[in-house]
Amino acid sequence: MSLATPPREILRFSTFEVDVRAGELRKQGVRIKLQEQPFHVLTVLLQRPGEVVTREELRNQNWSADTFVDFDNSFNTAINKLREALGDSADNPRFIETLPRRGYRFIAPVSSKYQKGQTISSARWKLLVSMAIVVVVAVAVIAGSIWRVRQSRRLTEKDTIVLADFANSTGDPVFDDTLKQGLRVRLEQSPFLNILSDQRASKGLRLMGRPRDERITPALAREVCQRTGSKAYLTGSISSLSTHYVVGLNALNCETGNSVGSSQVESDSKERVLKALSEAATQMREKLGESLATIQKYDAPVDVTTPSLEALKAYSLGMKTWFAKGDAPSLPFFQRAVELDPKFAMAYARLGMVYDNLDERALAIENTKKAYKLRDKVSEWEQLYLKAHYYDRVTGELEKAAQVYEVWKQVYPRDWAPYNNLRGINALFGNYEKTLENARGAVLLDPDNEDNLMGLGHAYIALNRLEEAAAVFKQAEERKLEGEGLLWGRYKLAFLKDDAKEMERLLSSAASDPSSEGNVLVWKGLWEGDHGKLRAARDLWQSAAKSSERNKAMEWAGVLQAGTALLEAYLDDSQRARAHASAAARLAVNRDTEITAARALALAGDVKGAEKLATDLNQRFPLDTEVQRYWLPTIRAAVALDRKNAKEAVEVLAIVSPYELGAIGWMEPVYMRGQAYLMLHAGGAAAAEFNKILECRRIVELNPVGVLAHLGLGRAYAMEGDTAKARAAYQDFLTLWRDADPDIPILQQAKAEYTSLH
């Protein structure tokens, strides 16, 4: 009697297969000539994929002790011939990675298949069976040990994973960058896994002295992994075999270099590669320790985000460019993504975010709306993103946005974005303790993110904890983090400490960066306006507006024109205020321009123009929290004051009270209420309002009401008959404006009133 032997194992990787028994290396079925020594090295590496194999181990297994050869030369020759046969490179390896002074590691996923064996006699078979029983017992013991080792290798919820770029041996460039982005989309659905953000990876490269958009090879991924305190790095590969494709993933411990888990899935066509990637990612999530319950609940395939490889590639390049070079350079890639796939929700969402950062609010709203309409066919993470930004940036329903961000925090507790956005909303509402709580949460999750550190610094400033704010900004500086928000935070901190020298230093530093030209002009204008230098402030803001027009940033130019008008209106230059408000309306009809222009027109006596803008705002933004509960009451109060109806002004401002100390509008409603009480001859009530402003310089910043509150307070005390306090308040105002333009009407009035107190 004869029986068949157990089938023999064939090891496979990429488009290659190795028959160890036959001593053959084949590529797409074609045998490749390879000498015995390189072949033996390959088999040892294949049997321990993802693990470091030392030169000594390779020598012991492939060179006998009595072999009298120059081992180093012989070994190096074997490695070189092996790489030549595989078409591999030592500098950018796809298969064999060199670890200096440690050894070598096979980094591509390895799988196996079995071929039918030969027949053997029943007697020999019985012998093999009895031997197998012994082996099974031994294997059971070993398996228990292996299980414990694998359990120890599993990740925890706090461990971070670095994604390497895919090794693409297909020759088709459509897979470059694309599959890494697809894998990120797939893994970021997981509430368990913590993927290192592109921002942190980019900053890690920069701190290593490398370009921020450099391809992250496995060796580089490991270094980034170690530098960022991450636990593992995930490599990927795609290879082709005729019309079939093989997608492989391999997770490795960044300290030991040992494999944590691997997966490999085949696709029978190019169109189904994203599906194969999804399957491989699902397998990997389980191997990394995620529960089946969360995998099944949050498991939308990559092709739900977009079924188009070309669109995903454009999107990937957009994200990469965004983090490396900024907003404007990324636009063409996101625009190309939606051209290739008009139903690509996240590409529209990113367009909305980029336009918002560029102060092109109309385009931001348009694209965010398109994204929101496509929300039903996206992953859970993407749906939360789309809903939150729609309520936050389009309808302006801040309470609804906050609710979505709270859900986001619960589902994805390791994602810093909802914490940072809640920080901003709470600041607008004046809930600064909650602002600080969320700011801390964001920094804890991503301490290398400049937006997070900026938010924490501003939260401390709002609570008047200036030394702690200074420590945060110092931390950001030490980490070489940059950004407009951080610079403005340091500038505001210097202002609150009355450190004019530091303010000037910061402006000079910013001026050296051409991209900051507009901000420097605006900030200088704020400083000049705060000191009554109206002509200088006007010139600076107009220069900034013209610069924006040259750069086709018409909406921001409109905001700057309206801001100039508001400053002039507060300082009683009504004619110029109306002219600049009209110029702003011609440049751009957006929410922020209309809000600012309406306030300017109301203060400058153009009630009809202010009411027209207020009516438009009410119709276009019926659900907007800021418009309905803050700005429209403020505009209507200014109109009522122009009509000498102070009682109505106080009444309409009642709705603003819960938010008046928030970061929405620099306490302008408080100033309006103080003016109304002066008109009602209620000096004590007026003084209380102006004192609120003076006690909150950190919130008012460089808004004109900050310095004008001194004048209002002087008038309130004079009305109460408290001459000493009145004189002190007038002196504070006149000291601040000692170098002011002498012909400003409100300054001339103040001097006359101060003289009459004597």
Side-chain angles (χ1 to χ4, degrees), residues 154-163 183-201 203-204 225 228-234 251 254 260-261 281-282 284-300 305 319 346 349 353 375 378-392 398-427 431 433-456 459 472:
R154 284 194 163 197
L155 304 184
T156 69
E157 294 182 354
K158 295 181 180 180
D159 293 330
T160 307
I161 303 171
V162 177
L163 298 187
L183 181 61
R184 177 175 290 281
V185 169
R186 195 73 176 76
L187 297 181
E188 282 181 340
Q189 295 183 69
S190 167
F192 172 78
L193 297 180
N194 187 9
I195 309 302
L196 189 78
S197 68
D198 283 331
Q199 297 102 311
R200 288 187 70 187
K203 287 182 175 65
C225 186
T228 56
S230 300
K231 182 65 176 289
Y233 60 103
L234 189 55
C254 63
V260 179
T282 299
M284 183 59 70
R285 286 170 65 179
E286 183 179 359
K287 291 179 180 181
L288 292 177
E290 185 173 355
S291 70
L292 289 175
T294 59
I295 292 174
Q296 291 168 357
K297 187 174 181 180
Y298 306 107
D299 198 35
T305 295
M319 295 296 290
M346 281 305 297
M353 180 64 73
R375 69 190 182 281
V378 297
S379 70
E380 178 71 14
W381 184 92
E382 291 169 336
Q383 191 166 112
L384 290 168
Y385 183 100
L386 299 179
K387 284 181 178 178
H389 285 79
Y390 177 77
Y391 292 135
D392 196 345
L398 297 183
E399 287 95 343
K400 283 189 176 181
Q403 289 170 5
V404 178
Y405 286 130
E406 288 291 356
V407 173
W408 190 342
K409 280 171 58 176
Q410 294 298 317
V411 178
Y412 296 100
R414 280 161 295 287
D415 192 340
W416 62 266
Y419 288 87
N420 190 46
N421 286 306
L422 276 170
R423 184 268 312 166
I425 290 176
N426 282 306
N431 191 343
E433 290 296 340
K434 279 283 187 183
T435 300
L436 179 60
E437 178 186 322
N438 280 288
R440 283 172 168 166
V443 170
L444 186 64
L445 290 167
D446 192 346
D448 293 319
N449 186 299
E450 60 194 39
D451 287 338
N452 291 346
L453 285 169
M454 176 273 293
L456 182 58
V472 170

- Message: If you compare all heavy atoms of P418 against all heavy atoms of D415, which two are closest, and at what distance to 0.1 Å?
- Response: CD-O, 3.3 Å
- Could you check whether the rings of Y412 and Y298 sit parallel, tilted or perpendicular, using 30° and 60° as the cut-offs? tilted
- Task: Could you tell me whether the side chain of L422 reaches within less than 4.5 Å of the side chain of K434, counting heavy atoms only?
- Result: no
- Task: Side-chain contact test, heavy atoms from C-beta onward, threshold under 4.5 Å: evaluate it for Y405 versus N438 and give yes or no.
- Result: no
- Query: Does NZ belonging to K409 count more than 12 external heavy atoms closer than 6.0 Å?
  - Reply: yes
- Query: Do M346 and V378 have side-chain heavy atoms sitting under 4.5 Å apart?
  - Reply: no
- Message: Show, in sequence, the C-alpha distance, side-chain angles and deciding distance for S379 and R186, and conclude whether the side chain to side chain donor-acceptor pair (under 3.5 Å) test is met.
- Response: CA-CA 9 Å; S379 70; R186 195 73 176 76; over 6 Å; no
- Message: Using every non-hydrogen atom in the two residues, find where E188 and W381 come nearest and quote the distance to one decimal.
- Response: O-CD1, 3.9 Å
- Item | V443 side chain reached by V472 side chain, heavy atoms, under 4.5 Å | no
- Nearest 0.5 Å please: distance from the OH atom of Y419 over to the CD atom of E406. 8.5 Å
- Atom CD1 in I425, atom CG in N431: separation rounded to 0.5 Å? 12.0 Å
- Would you check if the side chain of N452 reaches a backbone N or O of A442 as a donor-acceptor pair within less than 3.5 Å? yes
- Message: Within this structure, what is the OG-CD distance for the pair S190 and E380, rounded to the nearest 0.5 Å?
- Response: 12.5 Å
- Task: Apply the test side chain to side chain donor-acceptor pair (under 3.5 Å) to residues W408 and N421: give CA-CA distance (whole Å), side-chain angles for both, the deciding distance (0.1 Å), then the verdict.
- Result: CA-CA 11 Å; W408 190 342; N421 286 306; over 6 Å; no
- Item | Straight-line distance of M284 CE to L234 CG, nearest 0.5 Å | 5.0 Å
- Task: Would you confirm whether D392, through its side chain, and A388, through its main-chain N or O, come within 3.5 Å as a donor-acceptor pair?
- Result: no
- Working to the nearest 0.5 Å, report the span between CG of L456 and OG1 of T435. 11.0 Å
- pair D446-S197: side-chain heavy atoms closer than 4.5 Å: yes
- Message: Let me confirm one number: the CD-NZ distance from Q403 to K387, rounded to the nearest 0.5 Å.
- Response: 11.5 Å
- Residue pair T228 / L196, side-chain heavy-atom distance below 4.5 Å: yes
- Is any side-chain heavy atom of I161 less than 4.5 Å from a side-chain heavy atom of L288? yes
- Message: Between L384 and V404, does the side-chain contact (heavy atoms from CB on, under 4.5 Å) criterion hold? Intermediate values first, please.
- Response: CA-CA 7 Å; L384 290 168; V404 178; 4.0 Å; yes
- Task: Kindly indicate whether the side chain of V260, heavy atoms from C-beta on, has any atom under 4.5 Å from the side chain of K287.
- Result: no
- Message: Looking at N420 and W416, would you say the former's side chain and the latter's main chain have a donor-acceptor pair under 3.5 Å?
- Response: no
- Dump the intermediate steps for side-chain contact (heavy atoms from CB on, under 4.5 Å) on N194 and D159, then the final yes or no. CA-CA 6 Å; N194 187 9; D159 293 330; over 6 Å; no
- Task: Taking all heavy atoms of R285 and all of T294, pick out the closest pair and write down the distance.
- Result: NH2-O, 3.7 Å
